Student: 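Starting off with a structure, shown below.
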Amino acid sequence: MKVATWNVNSLNVRLPHVLEWLGSSSPDVLVLQEIKQTTEAFPAGTFAEAGYHAMASGQKTYNGVAILSRSPPTDPVTDMPGFDDPQRRVLAATVNGVRVVNLYVPNGSEVGSEKYTYKLGWLKALKGFLANELGAFDKLVVLGDFNIAPDDRDVYDPEKWGDAILCSPPERAALRELMDLGLTDVFRQFDQPEKAFSWWDYRAAGFRRNAGLRIDLILASPVLAGSCSASYIDREPRTWDRPSDHTPVIAEFSV
DNA sequence: ATGGTGGTCCAACCA
């Protein structure tokens with residue numbers, strides 16, 4: 001099973017890119033973040049024509065997540081227990097016996113800001129949610145835009161970036177707590193090129209300078225991590241005309 | 001040292 005995650009920064013704008021990438025890469029599952037459209041506006045019919053089942057938890061203008069899959073997704077969950085939130089950032093579903101949890105973790109804006117507090121609270125709720133999912137599902141993959149660079153290898157210039165947003169110790173500690181539940185960052189199970197990133201700021205020619213971060217992650221439960229045969233980043237869509245600021249991250253499992 | 005870009009939607013917010 002080949003799974004992938006991509007923050008598309010508006011599915012309205014990026015639909016042609018997503019269709020192109022589905023055609024060339026043939027993932028079994030592709031999860032999207034920042035679709036920035038309502039569930040009603042989500043183009044499920046277009047994905048059906050491309051051979052994919054699709055479900056979304058949409059929101060106008062901001063956020064919004066979706067799961068596309070070759071096999072039908074079942075048992076969707078869109079909210080974390082005990083965390084009431086109008087922001088649509090979570091979509092979990094079961095595909096071929098694999099539990100897929102698609103996340104759009106809050107950005108946090110700036111360390112110490114209100115949005116930062118919201119981010120840390122959201123991550124705390126996520127820990128409870130994922131502990132429960134791990135108890136219920138042997139084969140669990142948690143993937144999406146985590147808005148956290150796990151360590152300095154995942155930052156183009158760690159000294160310059162310092163402890164700013166996406167890298168601050170409390171954010172990294174929260175990610176570490178999630179992984180301590182029994183989730184592995186499968187990208188790091190394999191040899192990778194230096195300076196492999198999944199997001200580059202539109203500003204200041206970030207992509208041209210490879211001034212990026214690896215903040216889009218694929219975490220897997222022990223059974224699934226043990227069956228992972230490859231994980232990599234596909235930079236190509238970031239070179240296309242009118243690209244998202246993120247590019248797809250992929251993992252292949254022998255299940 | 002400052003400001004850069006891009007999406008949504010048309011002023012201002014978010015990233």
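Fair warning: this is a prediction, and the values are worked out from it, not measured in the lab. Reckoned from all heavy atoms, side chains included, excluding hydrogens, waters and symmetry mates. Naming convention: chains lettered A, B, ... in sequence-line order (proteins, then strands); numbering from 1 in each chain.
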Student: Counting heavy atoms from C-beta on, name the nucleotide in B/dG7, B/dC9, B/dA15 closest to the side chain of A/Lys60.
Tutor: B/dC9
Student: Nearest to the side chain of A/Asn12 - B/dC13, B/dT8, B/dA15?
Tutor: B/dT8
Student: In whole Å, I'd like the distance from the CD atom of A/Gln33 to the C1' atom of B/dA15.
Tutor: 14 Å
Student: Tell me whether the side-chain N/O atoms of A/Arg242 come closer than 4.0 Å to OP1 or OP2 in B/dG7.
Tutor: yes
Student: Between A/His246 and A/Pro243, who's closer to the 5' end of DNA chain B by nearest nucleotide?
Tutor: A/Pro243
Student: Check the distance between B/dA15's C1' and A/Ile215's CD1 and give it to me in whole angstrom.
Tutor: 9 Å
Student: Using a strict threshold of under 4.0 Å (side-chain N to carboxylate O), is an ion pair present between A/Arg188 and A/Asp154?
Tutor: yes
Student: Once you round it to whole Å, what is the distance between P of B/dG7 and CG of A/Asp145?
Tutor: 16 Å
Student: Pick base, sugar-phosphate or nothing for A/Arg14, based on heavy-atom distances below 4.0 Å to the nucleic acid.
Tutor: sugar-phosphate
Student: What integer number of Å spans the P atoms of B/dC9 and B/dA15?
Tutor: 15 Å
Student: What is the separation between atom CD1 on A/Ile35 and atom C1' on B/dT8, rounded to the nearest whole Å?
Tutor: 14 Å
Student: Using whole Å, what does the distance between atom P of nucleotide B/dG6 and atom CD of A/Glu34 come to?
Tutor: 15 Å
Student: For B/dG7 versus B/dG3, give the span between their P atoms, rounded off to a whole number of Å.
Tutor: 23 Å
Student: How would you label the contact of A/Tyr104 with the nucleic acid (heavy atoms, under 4.0 Å): base, sugar-phosphate, or nothing?
Tutor: sugar-phosphate
Student: Nearest-Å distance, CG (A/Leu213) to C1' (B/dA15)?
Tutor: 13 Å
Student: Tell me whether the centres of the aromatic rings in A/Phe47 and A/Phe42 are closer together than 6.0 Å.
Tutor: yes
Student: At less than 4.0 Å, is any side-chain N or O atom of A/Arg203 found next to OP1 or OP2 of B/dA15? Yes or no.
Tutor: no
Student: With a cutoff of under 4.5 Å between side-chain heavy atoms, which Ile, Leu, Val, Met, Phe, Trp and Tyr residues group with A/Val98?
Tutor: A/Met1, A/Val3, A/Val29, A/Val31, A/Met55, A/Val65, A/Ile67, A/Leu91, A/Val95, A/Val100, A/Tyr104, A/Val141, A/Leu143, A/Val186, A/Phe187, A/Ile218, A/Leu224, A/Ile233, A/Val249, A/Phe253, A/Val255
Student: When you measure from the side chain of A/Arg89, which nucleotide among B/dT8, B/dT5, B/dA15 comes out closest?
Tutor: B/dA15
Student: With heavy-atom distances below 4.5 Å as the criterion, would you say the side chains of A/Thr38 and A/Gln59 are in contact?
Tutor: no
Student: Are A/Asp185 and A/Arg214 close enough for a salt bridge, meaning some N to O gap below 4.0 Å?
Tutor: yes
Student: Does a nitrogen or oxygen in the side chain of A/Lys115 sit under 4.0 Å from OP1 or OP2 of B/dC14?
Tutor: yes
Student: State whether the number of non-hydrogen atoms from other residues, nucleotides or ligands found under 6.0 Å of A/Asp180 atom CG is greater than 12.
Tutor: yes
Student: Using atom P of each nucleotide, how far apart are B/dG6 and B/dT2 to the nearest Å?
Tutor: 23 Å
Student: Mapping A/Asp201 and A/Pro106 onto DNA chain B by nearest heavy atom, which one lands closer to the 5' end?
Tutor: A/Asp201
Student: Give DNA chain B the dot-bracket treatment, 5' to 3': Watson-Crick (N1-N3 with N6-O4 or O6-N4) or G-U (N1-O2, O6-N3) under 3.5 Å, [ ] crossing, | other strand.
Tutor: ....((((...))))
Student: What I want to check is whether the side chains of A/Glu252 and A/Tyr232 have a donor and an acceptor closer together than 3.5 Å.
Tutor: yes
Student: Does a nitrogen or oxygen in the side chain of A/Lys36 sit under 4.0 Å from OP1 or OP2 of B/dA15?
Tutor: no
Student: For B/dC9 and A/Thr61 - does any side-chain N or O of the residue sit under 4.0 Å from the phosphate oxygens OP1/OP2?
Tutor: yes
Student: Separation of A/Asn9 atom CG from B/dC9 atom P, in whole Å?
Tutor: 12 Å
Student: With C1' as the reference atom in both, quote the distance from B/dA12 to B/dA1 in angstrom, rounded to an integer.
Tutor: 26 Å
Student: Do you see a donor-acceptor pair shorter than 3.5 Å between the side chains of A/Asn96 and A/Ser71?
Tutor: yes
Student: Hey, is CD on A/Gln87 packed in by over 12 heavy atoms from elsewhere, all under 6.0 Å?
Tutor: yes
Student: In whole angstrom, what separates A/Asp245's CG from B/dG7's P?
Tutor: 9 Å
